[in-house]
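Note sheet for the following structure.
Positions are given from 1 along the sequence. Keep in mind that this is a model prediction, so the values were computed, not measured.
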Amino acid sequence: MEHTDDVERFLQLDREFHLASYAIAETTMLQEMTVRLWNRTQPYRRVYTRMFRADGDHSVHYEHHLIVAALHRRDAEGAERLLAGHIRRTRLELARHPEVFDLV
């Protein structure tokens, strides 16, 4: 993800990364709900991704590396905490940029 300048390619890889990590849980209902939510939020992800790239923000990549490292260690609790922080950071950034929701 961090080696592409193409926003659409980044979004595709980001989706694959997250859905693959969620698939480990093997919960059909949660998986279906996550995919539906992901699909509904995709336009906002696109605008947000363009914004963070324009600002030179690389934190998403660092967080992804940390999540992968936790999964390699089989540290589910650590991966869960990292993912919660990843989501929290995005939520806080979106709160700072409510215009994202006006641009979609």
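Phe17 and His64 have tilted rings, their planes meeting at an angle from 30° to 60° on a 0 to 90° scale.
Within 6.0 Å of atom CG in Asn39, more than 12 heavy atoms from other residues, nucleotides or ligands are found, so the atom counts as buried in its surroundings.
Side chains of Glu2 and His61: no donor on one and acceptor on the other come within 3.5 Å.
In terms of modelled atom types and a separation under 3.5 Å, the side chain of Thr41 and the main chain of Trp38 share a donor-acceptor contact.
Closest heavy-atom contact between Arg50 and Val7: CG-CG2, 3.9 Å. The nearest pair of heavy atoms linking Phe52 to Val60 is CZ-CG1, 3.4 Å. Of all heavy-atom pairs spanning Leu71 and Ala79, the tightest one is CD2-CB, 3.8 Å. Shortest non-hydrogen contact noted between Leu83 and Tyr22 is CD2-CE2, 3.4 Å. Looking at every heavy atom in both residues, Leu19 comes nearest to Gln31 through O-NE2, 3.8 Å. Taking all atoms of both residues into account, the shortest heavy-atom contact from Ser59 to Asp57 is OG-OD1, 2.6 Å.
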### Task
Go through His65 and His58 one step at a time and tell me if the ring-ring contact (aromatic ring centres under 6.0 Å, His included) criterion holds.
CA-CA 11 Å; His65 284 289; His58 299 283; over 10 Å; no
### Task
Using the side chain to side chain contact (heavy atoms under 4.5 Å, CB included) rule, take Arg45 and Arg15 through it: C-alpha gap first, then chi angles, then the decisive distance, then the call.
CA-CA 10 Å; Arg45 290 174 191 280; Arg15 177 188 177 100; over 6 Å; no
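Note that the CD1 atom of Ile87 and the CG atom of Leu82 stand 11.0 Å from one another [nearest 0.5 Å]. Distance check, rounded to the nearest 0.5 Å: CD1 of Ile67 to NE2 of His86 gives 5.0 Å. Atom CE of Met1 and atom OG1 of Thr49 lie 11.0 Å apart (nearest 0.5 Å). With rounding to the nearest 0.5 Å, the separation of CD in Glu93 from CZ in Arg96 is 4.5 Å.
Leu94 has its side chain out of reach of Tyr44: every pair of non-hydrogen atoms, C-beta onward, lies at least 4.5 Å apart.
The side chain to side chain contact (heavy atoms under 4.5 Å, CB included) check on Glu16 picks up Gln12, Leu13, with sequence neighbours excluded.
The pair Glu77-Arg81 meets the salt-bridge criterion, with a side-chain N (NZ, NE, NH1 or NH2) lying under 4.0 Å from an Asp/Glu carboxylate O.
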